[in-house]
Amino acid sequence: MTLDEKFISRLQLVGTVMAVSVLVLGLGFFFIRQITAEGEDSIQALEAQQIQSDQDLLVRQVETAKAFLSSLRTHTEKLLKAEVREQVDQAHAMATAIYQREKGKRSDAEIKTLIVEALRPARFFGGKGYFFIDGMDGSCVLLPIAPGREGTSLMNNRDDTGRYIMRGLIEAARLPVGDGFSRYRWFAPGNAAEMADKIAYVRHFAPFDWLIGTGQYVSDVEGKLKGEALDRLRLFRFGRDGNGYIAVFGERDQVLVSPSRPTDEGKSPEQLEAGLYQEAGRLIIEQGRKGDGFVRYDWPRVDGSGTVSAKLTYVSRLEDWNWTLAAGLHLDEMTAATAERRAILSRSIRDKLSLTLAALAIGVTVALGIGIWFSALTGRLIGRYKDNLTRQNDELRRSARDLFLISSMVDSSAEMVFLTDCQWRLIYANPFAYQQLGGSPEEMLGQNLQEISAAIAASPMVEGEDHHRFETNLTAKDGRVMIAEIVAKDLVHEDVLYHFAIARDISERRRWQTDLENKTTALERSNADLEQFAYVASHDLREPLRMVASYLSLLERRYGERLDKDGQEFLDFARDGAQRLDRLVLDLLEFSRIDRKGAPIRGMVVGPALQIAVRNLAMAISESGGRVDWGADVEGAAIKGDAGQIVRLFQNLIGNAIKYRDPDRPPQVLITGVEAGASWEFRITDNGIGIEPQYFERIFGIFQRLHTRDKYDGTGIGLAVCKKIVERHGGSISVKSEMGKGSTFTFILPKA
């Protein structure tokens with residue numbers, strides 16, 4: 001038998017068809033069984049869900065009823081407080097009126113008697129309500145139901161729970177008007193044997209330091225409220241057909257609400273009709289004593305058919321009124337709903353089975369088609385595989401050639417190349433490395449490159465790079481130490497770590513750098529000496545200039561009348577020259593002081609410095625009819641600067657704009673500023689005569705003038721001072737201009 005492409009393709013087709021057929025049939029059987037089991041589980045889950053849903057419904061109905069009753073009870077207490085407050089407010093108003101009417105006419109004792117006797121006969125709340133008056137020291141002033149205690153102290157009087165009644169009333173009287181409520185227990189009129197809950201409201205009567213109050217028994221209001229609540233519960237219905245209702249049992253287990261059997265209301269369970277009625281009542285009472293829960297019992301349906309069926313009832317206690325609430329549903333209603341859902345689910349399962357069988361048939365057909373296509377494809381792939389093997393052999397030969405060339409290039413490199421294992425033991429070094437270090441492969445292979453590994457441990461990798469770059473010392477075999485610049489990188493091959501390093505001898509370059517640094521230091525020292533010399537020279541030049549100017553003035557005073565016109569003109573030329581030279585010396589002196597005498601550079605706001613500069617130029621601006629404008633961006637700009645030099649910078653630039661103005665229009669200067677990263681960029685724009693482009697760089701040089709002295713005075717050092725100030729602050733300055741239209745000077749200063 002010949003194993004060629006056709007035989008392999010046919011064998012693959014037969015195997016694929018058999019494997020797919022077995023797989024599809026097995027999966028079909030598995031899916032059918034799984035769908036059937038899932039269907040039964042779903043039906044059981046539906047039944048459990050229905051029961052749980054009905055139980056949740058019963059719980060919600062009972063909890064809704066309890067919430068309704070609690071809301072009514074809360075409303076009762078609010079109503080009770082409003083009623084007692086209204087009575088006390090009236091009594092307090094009456095006492096105030098009596099006091100104000102009789103004050104000054106009668107003694108305090110007589111006024112007190114009038115108030116007490118006016119309130120003593122008052123009765124309300126069905127005859128149970130009365131007013132009481134007590135002193136803020138606990139003494140009893142008025143107590144209509146026990147007049148014998150009037151004049152005594154009630155400070156230590158307590159109810160049957162141990163609460164101090166009078167102390168609570170005194171605390172309530174000190175509260176703001178409207179908040180003076182106190183709750184305690186006290187004997188109701190006609191019942192001296194048992195205390196009952198009572199809510200009292202008191203107000204402080206300041207003229208006699210009294211408290212005036214009254215109270216109402218909570219039970220008086222709750223009785224009426226309970227009747228209203230029971231009437232509403234009788235009308236409460238729920239369930240699919242409205243057959244669900246709430247039954248209520250009282251604190252003595254008597255039936256309070258029974259919508260299905262109204263004749264049973266008021267009876268105890270023992271008084272109910274024997275049989276299932278007594279049994280149902282007994283189960284509900286027992287469950288209520290145990291706590292919230294469900295009970296089951298037989299009960300007639302309320303549809304008038306007289307049919308008896310099992311009923312599920314939820315029982316819960318309302319502790320505030322000591323009531324037991326019960327809500328129930330007939331289980332045959334749950335069974336009917338579950339049967340309906342079971343039928344729907346069964347139809348869904350049958351539809352899924354049909355769909356699964358159809359899908360399996362389609363799957364077998366598609367699998368056969370794919371198998372035939374894949375068989376043909378396999379034949380072509382085998383042919384391609386043979387071609388790929390040929391190409392891979394060619395690529396291997398090319399890779400061997402490239403590896404040989406790379407190896408030759410590394411061996412010929414003028415850099416030291418090292419390859420080590422994970423512990424920095426040398427595996428390979430190129431010939432140049434052996435030549436530089438003075439060792440042989442037999443001596444160096446396997447040795448640890450400690451100098452390189454120690455330097456790598458001390459030099460963390462730069463963030464964003466995948467290699468180490470550092471400098472260290474390498475020691476040759478003969479003891480010679482060279483400074484090497486090294487680039488090292490980790491390599492991983494087949495999960496094994498290697499280290500690769502390239503080293504370059506930079507000893508000679510280091511010697512050049514050291515020599516360059518020494519020369520730079522000497523140049524900086526020379527510049528400092530020159531700056532000091534310029535300062536001293538300019539300072540010392542002023543003395544002979546002052547002497548020349550003095551003697552010229554002396555000549556003019558003594559011999560001025562003897563000089564002819566030419567002599568007088570020569571004397572003026574000499575005096576003007578001395579003055580110009582003195583001004584040049586002063587400007588040169590200031591120029592030399594910018595770095596040497598400058599104040600420390602610290603955070604500042606530009607606004608004040610700019611305002612000082614404009615004030616210094618106020619006369620020149622006024623005489624020229626010009627104006628200087630700037631915005632809030634410049635006013636509030638925060639920079640790092642020497643405040644005095646920043647004033648001089650703005651003053652020089654604005655002064656130039658005023659000086660070199662166009663004679664046909666008044667000067668206008670606009671100062672703007674924008675943030676540029678870590679700096680502020682300022683622009684000073686004018687509408688002056690402008691500057692030709694070839695002079696843009698020249699004007700910042702010292703003593704550089706573009707105009708004659710008879711047209712514009714000055715020494716030509718102002719812009720040089722501006723440039724030196726800006727450069728001292730680490731910034732730059734430039735100019736753009738158009739002849740006849742104006743100039744814009746731009747300078748950059750660091751942001752604070």
Side-chain angles (χ1 to χ4, degrees), residues 524 527-528 530-535 538-539 583-617 620 628 630 634-635 637-660 669-686 691 695-706 714-737 743-752:
E524 291 175 351
N527 286 339
L530 286 174
E531 182 179 335
Q532 180 66 18
F533 171 76
Y535 171 74
S538 60
H539 184 272
R583 186 172 177 181
L584 282 172
V585 170
L586 284 174
D587 288 344
L588 180 62
L589 184 62
E590 181 180 1
F591 186 81
S592 67
R593 286 176 173 174
I594 290 175
D595 288 325
R596 194 172 59 86
K597 294 289 187 177
I601 295 177
R602 55 172 60 92
M604 60 171 288
V605 178
V606 170
L610 179 56
Q611 292 171 6
I612 293 173
V614 173
R615 283 201 302 269
N616 293 342
L617 296 169
V628 180
W630 64 88
V634 177
E635 187 77 24
I639 64 169
K640 293 179 180 177
D642 176 345
Q645 292 185 356
I646 298 300
V647 171
R648 183 60 185 273
L649 173 63
F650 279 107
Q651 184 173 327
N652 283 3
L653 293 175
I654 297 171
N656 280 354
I658 300 300
K659 178 192 295 185
Y660 299 105
V669 182
L670 176 63
I671 305 172
T672 60
V674 294
E675 293 187 70
S679 303
W680 272 93
E681 181 177 290
F682 298 95
R683 294 186 178 92
I684 299 182
T685 303
D686 62 54
I691 305 169
Y695 300 124
F696 284 177
E697 293 296 330
R698 175 184 168 186
I699 60 174
F700 293 107
I702 189 169
F703 302 132
Q704 297 297 315
R705 295 176 51 84
L706 304 183
T715 61
I717 200 172
L719 289 179
V721 170
C722 292
K723 181 179 181 182
K724 194 168 184 66
I725 290 173
V726 172
E727 289 178 348
R728 182 190 174 222
H729 287 73
S732 61
I733 186 169
S734 60
V735 64
K736 290 184 179 179
S737 180
S743 306
T744 297
F745 284 85
T746 302
F747 57 92
I748 297 174
L749 297 175
K751 186 189 297 183

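One is the number of the first residue; the rest follow in order along the sequence.
For G603 against A752, the heavy-atom pair with the smallest separation is CA-CB, 4.2 Å. Of all heavy-atom pairs spanning A643 and A609, the tightest one is O-CB, 4.5 Å. The nearest pair of heavy atoms linking Q651 to A613 is N-CB, 3.8 Å. Shortest non-hydrogen contact noted between V634 and G673 is CG2-N, 3.4 Å. The shortest heavy-atom contact between S732 and V726 is N-CG1, 3.2 Å. Closest non-hydrogen pair, L617 versus G655, comes out as CD1-N, 3.6 Å.
Within the 4.5 Å cutoff, the side chain of N652 has heavy atoms near those of the V721 side chain. Taking 4.5 Å as the limit, some side-chain heavy atom of V647 sits within range of a side-chain heavy atom of N616. Taking the side chain as every heavy atom from C-beta outward, R683 and F745 never approach each other to under 4.5 Å. W680 has its side chain out of reach of V606: every pair of non-hydrogen atoms, C-beta onward, lies at least 4.5 Å apart.
A donor-acceptor pair is defined here as one N or O able to donate and one able to accept, closer than 3.5 Å; no such pair exists between the side chain of K640 and the backbone of H729. Side-chain atoms of D686 never come within 3.5 Å of backbone atoms of V669 as a donor-acceptor pair (strictly under, hydrogens ignored).
Less than 6.0 angstrom separates the ring centroid of F747 from the ring centroid of F650.
A distance of 11.0 Å separates CG of L653 from OG1 of T685, quoted to the nearest 0.5 Å. For the atom pair CD1 of I699 and OG of S737, the computed distance is 8.0 Å after rounding to the nearest 0.5 Å. N656 CG to C722 SG: the interatomic distance, rounded to the nearest 0.5 Å, is 7.0 Å. In this structure, I601 CD1 and R728 CZ are separated by 4.5 Å, a value rounded to the nearest 0.5 Å. We find the CG-CD1 distance between L649 and I684 to be 6.5 Å, quoted to the nearest 0.5 Å. How far CD1 of I646 is from CG of L610: 11.0 Å, rounded to the nearest 0.5 Å.
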Take I654 and I671, measure what side chain to side chain contact (heavy atoms under 4.5 Å, CB included) needs, and give me the verdict at the end. CA-CA 9 Å; I654 297 171; I671 305 172; 3.8 Å; yes

